Structures are given as structure tokens and as C-alpha cells.
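Down below is the structure, laid out as C-alpha cells.
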Amino acid sequence: MQKTYDPKDIEQRTYQRWESHGWFKPSGQGAPYSIVIPPPNVTGTLHMGHAFQHTLMDVLTRQHRMQGENTLWQPGTDHAGIATQMVVERQLNAEGVHRRDIGREAFVKRVWDWKAQSGDTISRQERRIGNSVDWTRDRFTMDEGLSEAVTDVFVRLYEDGLIYRGKRLVNWDPVLHTALSDLEVMSQEEQGSLWHFRYPIEGGSEHLVVATTRPETMLGDTAVAVHPEDERYKHLVGKQIRLPLTGRLIPVIADDYVDPAFGSGCVKITPGHDFNDYQIGVRHSLPLINIFDANAALNDEVPEKYRGLDRFAARKQVVADLEALGLVEKIEPHKLQVPRGDRSNAVLEPWLTDQWYVRIAPLAEPAIKCVQDGRIRFVPENWSKTYYQWMENIQDWCISRQLWWGHQIPAWYDDQGNHYVAHSEEQAKQQARAKLGRDVTLKRDEDVLDTWFSSALWPFSTLGWPQQTPELKSLYPTSVLVTGFDIIFFWVARMIMMGLKFAGDVPFREVYITGLIRDENGDKMSKSKGNIIDPLDLIDGIDLESLVAKRTTGLMQPKDKDKIEKNTRKQFPTGMPSYGADALRFTFCALATMGRDIRFDLGRIEGYRNFCNKLWNAARYVMMNLESAPPATATGPVEYSVADRWIRSRLGATIEEVRARLAEYRFDLASQALYEFAWYEYCDWYLELSKPTLQSEQSSDAQKRGTRETLAVVLEAYLRLLHPLMPFITEEIWQSVAPMAGIKGETIMLQSYPTAAEFSRDAAAEAAITPIKAVILGARQIRGQLDIPQAREIAVAFQSPEATDEASIQASLDVVRGVGKIGELKILPSDAPLPPSATANIDRRTISSPLAGLITDPQAELARLRKRKAGVEQNLKKEEAKFANPNFVANAKPEVVALGHERIAEFRRQIAQLDEQENMVSRL
RNA sequence: GCGCGCGUAGCUCAGCGGUAGAGCACUACCUUGACAUGGUAGGGGUCACAGGUUCGAUCCCUGUCGCGCGCACCA
């Protein structure tokens, strides 16, 4: 083994070996365990959020595979309708071409070309982080099979009356020229104005004042509403208003919707361009005037002067013209919520169009119930509240999009405007024939479905539905869904509804909601902010110039370039070093707390890269000590030391802890337990304790065999325990270590996941190691206090109230003296007087070394003693305070009271001893 | 308005009824035969604030302050 751990050398060849052997495929044996990957955009690249979630899914997948389950991690990608179409449109624009110039067919071909060119980038990246997905089952939402599932679902929902076509207001994106669902609307507060206009009452000199944030819509007003109980306006209800600029007559109506306390208490009503006004329009049978075209420019419904004006130009013009007429009462600054498209960022318009909708309430009801009754469990549980809140107020889902990239809606129209929903044009024609009694030419609906419509089918469409495949039968419902809270509504809820409706059961039994990865300042990572970290750059490293180039090319706002470059150069003056995939994965696990924001901190990944190196070197030590005498082939009696028994017991405890934490999705606590065992127990203690045994002439062959075997067996099992989190380094080391532990196998990834039963707890060994550690720690403390060189042995006395400590130390005397660099080691009764000594207290034990002969500074020693005493006195005071309260003894658990007594006695003893030392040292 | 989350060491975060923890950063010493991507020792916290429950509260309850998120919104 090389002296330094080098992930570059290991990772890619290891992954290729796993994949080429087909080890990621379900075994076909054992209890089913399956996860579907949240399909990333097929033309996208892997970002930190993917890498994070994929790591967690891979941990689960690898663990369950090792547990002998029939494990599938289903990979795939999504066609990401709007996003992908936008990318290709931008490419075309760069060539000076609009998609309409080349037509739908050619455009869709261009998108497929783009997909072919960039489509495997993300899967290559997934391989780099070690995803053990079954690539042979890779799926894409636009694949034939998945498209068939989409058509099937659409037709069945239509036949069940759960899909309908309706003309109503939708959120219209005037830049992308498509309808959007409610979820794709991002409302944000923006500074605007509140314009107050005077509307003259017909047949008199009175007027009403209406306030609006959107003056241009007044051209489409069809009423003014007041509150029915509003005394100020009661007499005007039923009268007519001569709408300025248009000359149209519109009624004054009364409606509860109006808040008399807001503004003037009069509201202009524009049913064609406001969702609330639309409702009022319906209630009062008001005409609806659509004044916008698809670009949100004014159409022919408005006076000639305004036609063709963009809405924002129209706004200025309307205000100017009303001003000229003296009809502007006042203009106030006003904050309002502006709806924008989540992709285009364009201000959306409520616009009257024909769209397809899913009638959602009947689907939502069972979907709510299955979470209430526990068939689906959210982790952390609190997210179910978010789910309920949305599901209980759910609105019909607009599923049609005026795009070219996506699943075209399986609906055909005849020349009379009738529609036929069918699996094919043939079937549609049959329906038309049946209805009309003659053959007609049909025209297919041009629109495509919302991408999330196909994503909603993902857990069963990828398993072969609508065919009843063996995979569907055995692996559906999937075991767990791992995803971010940002798509609970978009995706999780819809999968639950569709799964229940079409696959006959919940799509997954648990939903583990991860936090969102943010940068070191807590900001969301985004291209436009220039704070993106590419997970592959963390794995491979990247020089500063490449990093700057990566962050500043292709920006939507080129003006941000300088700022991004400056920040990047400041934050990464030397670029980023290579950390390797294992360190990255371990970092993600360690950061996977139950919180909702995760700040990615480079210090963390560096620490875990060092951990990899530590593990690597520990393995080197083990191999060095085993190669000459591999325990697997050893013959003869074997004797285990206390340390051997102790480390096995600790491994057992660690296995238990890791398994328990993984079972509750506490990847952070699992990784912590793994880290602590390897570093603080195996390396810091066990390897050190093994050295005297292996190196000493005094130890017997049986003892050496026991230690060698323990080194190998514990490391081998630990590697298996760690493997799901750090697959590459564990595989690499395991290949060398496993034969030493007598284990044969081609790969660690198909070995059994360790059970605590393999390493049963040994309370006696754990108790016996405590005084051994205490002596060593105490000797080190004294050495540190007195500035005694490491190499120089010191004489040490040990005192303990524990009767069994002496035997424990005697049994491991050589080891204690070796590791602690101790010459003479005396074991004294707890109350024995000490000569002037440097002392240390470890738990309830005192370790001391006579000052005689040690070069030391009595004043410094005195200061130390006084400080220690002050600390102990404070602890004593705290403890005694508890007993000052008589209720403590009466009410507290007996073991707590007993512990308190012990602590008080111990503190008093230490204070007495410190006093005595202080006395003696002051006389030196 | 409704719902949710967070305030613990300089920084990033665990812990959550009975002696305050980790990583990074910091200080001193140490290249000893696994590892300087290291070792050893050490400094550093009235666990946001105020009440309450309890023998005992960082932990449970209530409120306050500060920060954040989601949903719905008054023209």
C-alpha cells in the first residue's frame, strides 16, 4: 500500500469493475428494497443537491444490498419540458433562428440531438460519486414505455372524468407563451404604486374613486364593486358608470368581497385579467373582456389608440390620458405581490384560454388518508403538516403547456370543436365516427403535458407499468423516496395521488426529506449568484482560473461577471484541492441533519479527506504487522488481551449504533459514530495498545496471534460497516485486508453488512480498559505539564477507589508502561500519602509522578494546583447544592443520588490531595 | 393572515430532563517504525431573553426578541 491515500488512483477503476460485473443489479433474492432516483434533467449537470441526495440514496442502497435484500436503485432522467426547450431555443437564437422558423418537427429533432449530445453528462457524473444504480434499467421520461404510461394515465383519467378541458383564467407566461400551474408562479413583493382614479357616474355629477395597481386593465373593466353594507355607496348600487377612455357603460354592483376599509372602498372589476374579479364576474354575470394578446400587448378590444401597446407602455399611456382628463385623484407608493414565472421570471398574466385540467380533489382525498393512517411516513415527521396543508387546499391542476418538447396531449379535434381523447389517432377517429356517423379529419391537440405529469408516474412507469412486469410486482411500492422539501408539492404529492390511483398502492412507504445545500453564507447556490460548487471539482480539484472561467461563462446577467470573479478569487485563492469522492460523500452524510438548510463548509470536507488518509494509514499499519504472519493461516493457540476484547466490544457497540442511526435516516449520527470509532478508539487506542504486544519479546506467540487476528478482523468488519458511506476506499483496503481476516470474496459490496452479534459486548473488557487508559492519559498530562520530553520515561503512582483496577493494570503492565512511556509504575491504596508530586485526575483515579528529580518550576506547579483545586471546588459546590434541597434525595432516582454521593466524596478527596500537594510543593 | 423551522465554543453544527460535545480555527510541545492529510497536551460556552412545570431545565410548556422558509392574500 502507498504511504499516502490517493483517491484518483482508486475510484474510477473500482467503479468500472463494479459496474462491469453487474453488481448493481437486483439479486432477485431476499426481501425487496427499492428506491427510484428523483430523475434529474437529462440535459443538465450534477449539482451539489443531486450529489447530496444521491449519496444518501446510495448509502441506503448499498446497506440493504449488503443485508442480502433484493435491492434496486432505479436510475433515470427527466425531459424537463420548459427548461430544455429554453436551452435549445437559446441555441437557435444564437444562430439567428426562431423555433417557429424551422417548425415543430425540426425543433423537436433539435432537442433530441441536444439530448444525445449532452444526455449522458449527468450519468457520467453520477458514476463519479459512486452511485450503485442499475444502469441496465436506465429510463428517460420520453422513452417509448414511459410515454405509453403517460398516454394510458391521461386516457384513463379522462374516462373517469378526472381530466377535463376548460376555458378559464390561467397563469400565462407572455414570454414563454405557455400556461403554467399555480406551483410555477413565484410571487414576490415588489414596489409599485396605487393609482386612484375618478370614475364618473352616468347621469349626474357624482363620481366614484377606484384604486388599482394595474391601470392598464381599466380598459377591460366591466363593473365597479362596493360593499353591500357600505352606507357611502349604497345609493349608487345599480347605477352606471361611464368608463373613461372607452366610453363604455359599466354597472356599480354590491359584493361582500369588497373591504370597505381598504382604499376608497370601491373596486374596479376586470374579470378577464384578475382571479378575484373573475369570481365576481361569475357571481354577477358580468361580461368578460380579454384585452391582451399572447404577448400581453393590448388587442383590438381596446380603443384604437392603445392597440398593440405592451402592457407596461399601455400603463403609462392610460395614466397620462386619465391625468389629462383630470381623473387621477392621487398616486401612492404601494408594495404588492407580483407573480412571476419561475423559469422566465416574466410577470405573469391571468389570461383566458382553453387548457386541460386534472380534477384533483378525488385524487387528493386518498392521498391525504394514506399519510394520516401511516401507510406513508414522512421523515422528519413534521413535513407531513406541509403536505396536508397543501393537499387540503389543493386546486385543479393545469396540465397543458404550449410547448413543443414533451408528451403531446392525446386529444384530437374535429372541425366542429369536439374533442376525442384516445390512445391513438385511429381510436380517436373511431370515436368521432361513432359520434358523428361519418369519417372526419381530426387534428391533434398541439400542446404537451406538464413535465411533472410524467414524473408523477415515475415510481411505477420505470418498473414497466402498464405492463404487469415481475419488477413491478416485486419492487412496488418502493421502500423510500429521498428528496428535498422544495418539491413536496410538485412531485411527492403527485406521485402519491397517481400511485394510489394507477398502481393500486402507495408509491413509497417512507419519504425522507433532505435539507437544501447552500453555500458557506447560507445562500442558495445558483449560477446567477456565481456561488456554484461543482461536486466533481471537489472530487478532482480545480485550479483557480478554470474555476473562475466556469463560474463566469454563460451568465444570464453578464454584468455580474466582475463581482463573481472577484468573490471567487477571494474565496479560493488557490482553487480547490482534490478531496476524492469518499470524502465528499462522508461530508454529505455528516451534514445530513434533520434541519432544512445545510451550509457546505470546505473545512468539513478537508477534515474527512484527512479521515480517509487516517484510515488508509491505519490499514497500512495493520498490513505491515500481518503480512509476515497472516492470522487467517495461523495455527496454534490464540490468546486475547483486554485490549483485543475491548476493541471487539467497541466495534459491536458501533455496529449497533450505526445500524440504529441509519434505520432512522440519521446519516449525520451514523457517520459520527463511524468516525469516532475509527479515529478515537481503533487508531488512538487500539493500534497503540497493540504495539507493545506485537513488538515485545515478552509477549507469547498466542498473544501475538490474538492481537494480529483482532487487528484484521476488526478492521475488516469496520470496512464493511463503513462501505455504504465510503465505497471506494473501503473496497480498496478490503481487497488487502479481507484475506488476512480469512474472508474470501470478489468485492466488499456484496459482503454481509456487519451485525452486532458478530461482536458481542464485553462489559468486563470495557471496564478493565478504563484504568489502563487512565494511567496512560495521566502520565501524558503530567508529561505535558512539566514539559518532560516524550522519550523520557517517568515514574508513576496510581490510586483508585476501584478494587479491580489493580488487577487490570497488572494484567497489561507491559502495554501500559510501553504506551505511557512509564518506568516504575506503583499501585497505591487510594488514601496513601504521596511525596511532592505532579498529579492528574482521570475520572476518580489519581495518577501522580514524584517531583523529585524532575526539572520543574515550583511556582508554575503551585499555580496549576490552585487552578485545578478551584475547578474541583466549583464542581463540589454544584453537587452539594443539589443535596441542600431535601426534595432531591426524596424524589430523584436512587442511582442519581448515589452518583451524587460518589462525586462529592471524590471531589473532597481530590481537594484534600491537592491541598496536601500544595503544601508540599510550596515548601520545595 | 395560516403553517413550519432556527437562535449551543471564533465559524459550521450535533445533543435535548440529571458532570456541556464534534469538526474546523486557536496556543504550546513533538518528525517516536501507520499517518505532519499526523501525535500529545491545552485555551475557549451565564446553551437568545423572561417566566412556568420539576428535587433538578440547554433540553418540556408559555411568552418576548432576532433570523429564515412555505402557503394564501385587499383592489
Side-chain angles (χ1 to χ4, degrees), chain A residues 1 3-5 182-183 187 194-196 210-214 217 225 257-259 261-270 274 276-277 334 336-337 380 382-383 385-386 388-390 393 485-486 488-489 516 520 522 577 579 583 587 590-591 593-625 666 668-669 672 675-676 680 683-684 687-688 691 695 777 780-785 787-791 821 875 878-879 881-893 895-897 899-900 903 907:
Chain A
M1 288 175 75
K3 185 169 174 182
T4 304
Y5 155 70
D182 298 342
L183 287 179
S187 280
L194 197 56
W195 285 270
H196 297 254
V210 296
T212 180
T213 55
R214 303 200 52 199
T217 63
Y257 162 77
V258 179
D259 174 3
F262 186 90
S264 64
C266 304
V267 185
K268 64 189 267 311
I269 303 298
T270 321
D274 182 282
N276 289 312
D277 292 7
H334 182 72
L336 73 161
Q337 295 291 327
N382 238 345
W383 287 110
K385 286 197 182 172
T386 306
Y388 291 137
Q389 207 198 339
W390 188 66
N393 299 293
F485 60 80
D486 52 334
I488 290 179
F489 307 145
L516 253 40
E520 66 289 344
Y579 296 107
T587 307
L591 293 175
T593 62
M594 293 312 223
R596 60 168 68 175
D597 294 317
I598 295 164
R599 294 191 192 207
F600 194 85
D601 175 12
L602 276 184
R604 226 40 207 271
I605 191 173
E606 188 183 347
Y608 295 128
R609 194 257 330 255
N610 295 352
F611 176 63
C612 291
N613 188 58
K614 185 79 179 174
L615 188 64
W616 183 262
N617 280 292
R620 283 182 63 226
Y621 168 82
V622 172
M623 292 305 294
M624 247 170 55
N625 282 287
R666 291 305 303 265
D668 58 328
L669 300 176
Q672 194 182 331
Y675 184 96
E676 288 176 353
Y680 303 140
C683 290
D684 282 355
L687 294 191
E688 293 309 318
K691 286 173 185 175
Q695 285 159 14
L777 284 170
R780 282 176 184 166
Q781 261 183 37
I782 290 166
R783 202 183 292 280
Q785 283 163 19
D787 257 349
I788 299 166
Q790 303 261 330
K821 294 275 168 16
N875 285 337
K878 258 161 89 177
E879 203 62 47
K882 286 187 190 173
F883 284 89
N885 183 342
N887 291 322
F888 172 65
V889 184
N891 294 325
K893 281 179 278 185
E895 58 267 33
V896 173
V897 176
L899 184 68
R903 297 187 70 214
F907 291 145

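Every chain is numbered from 1, with letters handed out A, B, ... down the list of sequences. Just so it is clear, the structure is predicted and the values come from calculations on it, not from any experiment. Keep in mind that the numbers below use all heavy atoms, side chains included, and drop hydrogens, waters and symmetry copies.
Comparing B/C69, B/G23, B/G33 by their closest approach to the side chain of A/Arg596 singles out B/C69.
No contact: A/Cys612 has no heavy atom under 4.0 Å from any strand. Within the 4.0 angstrom heavy-atom criterion, base atoms lie near A/Ala892. Within the nucleic acid shown, A/Leu777 comes within 4.0 Å of sugar-phosphate atoms alone, with no base atom in reach, counting heavy atoms only. In this structure, A/Val889 reaches neither bases nor backbone, as no heavy-atom distance under 4.0 Å exists between it and the strands shown. Using a 4.0 Å heavy-atom criterion, one finds that A/Arg780 contacts the sugar-phosphate atoms exclusively. Using a 4.0 Å heavy-atom distance criterion, A/Glu688 is classed as a base contact. Contacts of A/Ile269 with the nucleic acid, taken as non-hydrogen atoms under 4.0 Å apart, are absent. Here A/Asn885 lies in heavy-atom contact (under 4.0 Å) with sugar-phosphate atoms only.
One atom, CD of A/Glu520, and another, P of B/G10, lie 20 Å apart when rounded to the nearest Å. Atom CG in A/Asn625 sits roughly 12 Å away from atom P in B/C35 (whole-Å rounding). Rounded to whole Å, the distance from CG on A/Asn393 to P on B/C73 is 10 Å. One can place CD of A/Gln389 at 9 Å from P of B/A72, the figure rounded to the nearest angstrom. Taking atom CZ on A/Phe489 and atom P on B/C4, their separation rounds to 13 Å, with Å as the unit. Taking atom NZ of residue A/Lys614 and atom C1' of nucleotide B/A34, one finds them 8 Å apart after rounding to whole Å. In this structure, CD1 of A/Ile488 is placed 17 Å from P of B/C69, rounded to the nearest angstrom. To the nearest angstrom, P of B/A41 lies 13 Å from NZ of A/Lys821.
The base of B/C73 lies close enough to the side chain of A/Gln337 for a donor and an acceptor atom to sit less than 3.5 Å apart. Between the base of B/C4 and the side chain of A/Lys385 there is no donor-acceptor pair shorter than 3.5 Å.
Across B/U62 and B/G21, the matching C1' atoms stand 29 Å from one another, rounded to whole Å. Remark: the separation of the P atoms in B/U31 and B/G15 is 41 Å, to the nearest Å. Here the separation of B/G7 from B/C49, taken at their P atoms, is 13 Å to the nearest Å. Here, B/A72 and B/G66 have their C1' atoms 25 Å apart, quoted to the whole Å. Rounded to a whole angstrom, the distance from the P atom of B/G45 to that of B/A34 is 38 Å. A distance of about 12 Å separates the C1' atoms of B/G10 and B/G43, rounded to the whole Å. Comparing the same atom, P, in B/G18 and in B/G56 gives a spacing of 15 Å after rounding to whole Å. The P atoms of B/A48 and B/U58 are separated by 9 Å, rounded to the nearest whole Å.
A salt bridge is absent between A/Arg599 and A/Glu520: the closest approach of a Lys/Arg side-chain nitrogen to an acidic carboxylate oxygen does not fall below 4.0 angstrom.
Residue A/Gln781 places at least one side-chain N or O closer than 4.0 Å to OP1 or OP2 of B/G42. Considering only side-chain N and O atoms, A/Arg666 lies nowhere under 4.0 angstrom from the phosphate OP1 or OP2 of B/C13. Phosphate proximity of B/U37 to A/Thr4: absent, as no side-chain N or O sits under 4.0 Å from OP1 or OP2. In this model, the phosphate group of B/A75 is approached by a side-chain N or O of A/His334 to a distance below 4.0 Å at OP1 or OP2. Taking side-chain N and O atoms only, A/Arg599 has a distance below 4.0 Å to OP1 or OP2 of B/U12. Distances shown here put every side-chain N or O of A/Asn617 at or beyond 4.0 Å from the OP1 or OP2 atom of B/U37.
To the nearest 0.5 Å, atom CH2 of residue A/Trp616 and atom OG1 of residue A/Thr4 are 9.5 Å apart. Rounded to the nearest 0.5 Å, atoms CG (A/Asn617) and CG (A/Leu687) are 10.5 Å apart.
For A/Asp787 (side chain) and A/Arg783 (main-chain N/O), no donor-acceptor pair under 3.5 Å exists by modelled atom type. A donor-acceptor pair is defined here as one N or O able to donate and one able to accept, closer than 3.5 Å; no such pair exists between the side chain of A/Asp274 and the backbone of A/Thr270.
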**OP:** Test A/Asp486 against A/Leu516 for side chain to side chain contact (heavy atoms under 4.5 Å, CB included), laying out the working first.
**Re:** CA-CA 8 Å; A/Asp486 52 334; A/Leu516 253 40; 3.8 Å; yes
Original post:
Which dot-bracket notation, 5' to 3', represents the base pairing of RNA chain B when pairs are defined as Watson-Crick or G-U with both distances under 3.5 Å, crossing pairs as [ ], and inter-strand pairs as |?
Top reply: ((((((((.[[[[.)..(..]]]].(((((.......))))).....[[[[[..)....]]]]])))))))....
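Toward the 5' end of RNA chain B, the nearer of the two residues A/Leu183 and A/Lys882, judged by each one's closest nucleotide, is A/Lys882. Each of A/Glu879 and A/Asn887 was assigned the nucleotide of RNA chain B with the nearest heavy atom; the assignment lying further toward the 5' end belongs to A/Glu879.
Taking the six-membered ring for Trp and the full ring otherwise, A/Tyr675 and A/Tyr608 have centroids separated by under 6.0 Å.
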